[in-house]
Peer 1: 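So that we are looking at the same thing, I have put the structure below in structure tokens.
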Amino acid sequence: MRLRTRLNLVVAALSGAFVLVLIAAEIQATRESVREEIEAANRVASQLLGQLAVLYSKIGGPDLVLQFLDQLGRVRANEVSLVSAGGEVLYRSPSATYKAAVRRPRGSHGC
């Protein structure tokens, strides 16, 4: 093999490696960005629900909060629960329906 061919192969390999490293860095940055957005949305949802629960409990007591939560149901991937001052769980959001639909018994092909 000629020196020029070897040099071209080395430059091509280095360029390819550089492109792969850049793609991997971009994928990692995107994953991190999505994770941060999900975390921020969860914080906002929990703060909003917390403030609504306080407001509803001042207006109509725990019964109104329970009625509100029953109507609300599940909030995306968040598990919502209402705990009394004594530590008793008064409300727990329903389990996710999409998780139950994904799980299939062994040997089932979904036909």
Peer 1: Is it the case that the side chain of T30 and the backbone of E26 share a donor-acceptor pair, with hydrogens and angles ignored and the cut-off at 3.5 Å?
Peer 2: yes

Peer 1: Using the rule that Ile, Leu, Val, Met, Phe, Trp and Tyr join whenever any side-chain heavy atoms are under 4.5 Å apart, tell me whether I27 and V21 fall into a single cluster.
Peer 2: no

Peer 1: CG of N8 to CZ of R2: how many Å apart, nearest 0.5 Å?
Peer 2: 11.0 Å

Peer 1: Tell me, with the steps shown, if Q51 and Q47 meet side-chain contact (heavy atoms from CB on, under 4.5 Å).
Peer 2: CA-CA 6 Å; Q51 292 300 318; Q47 289 173 359; 5.6 Å; no

Peer 1: Before you tell me yes or no, could you show the steps for L49 and F68 under side-chain contact (heavy atoms from CB on, under 4.5 Å), namely the whole-Å CA-CA distance, both residues' side-chain angles and the distance that decides it to 0.1 Å?
Peer 2: CA-CA 10 Å; L49 284 175; F68 169 72; 4.1 Å; yes

Peer 1: So how far is it from R35 CZ to I38 CD1, rounded to the nearest 0.5 Å?
Peer 2: 9.5 Å

Peer 1: Quick one: CG on L69 to CG on L64, what's the gap to the nearest 0.5 Å?
Peer 2: 9.5 Å

Peer 1: Does the side chain of S15 come within less than 4.5 Å of V11's, by heavy atoms?
Peer 2: yes

Peer 1: So if you build clusters from Ile, Leu, Val, Met, Phe, Trp, Tyr with side-chain heavy-atom gaps below 4.5 Å, do V54 and V44 land together?
Peer 2: no

Peer 1: To the nearest 0.5 Å, what is the distance between CG on D70 and OH on Y91?
Peer 2: 5.5 Å

Peer 1: What's the spacing between L9 CG and M1 CE if we round to 0.5 Å?
Peer 2: 5.5 Å

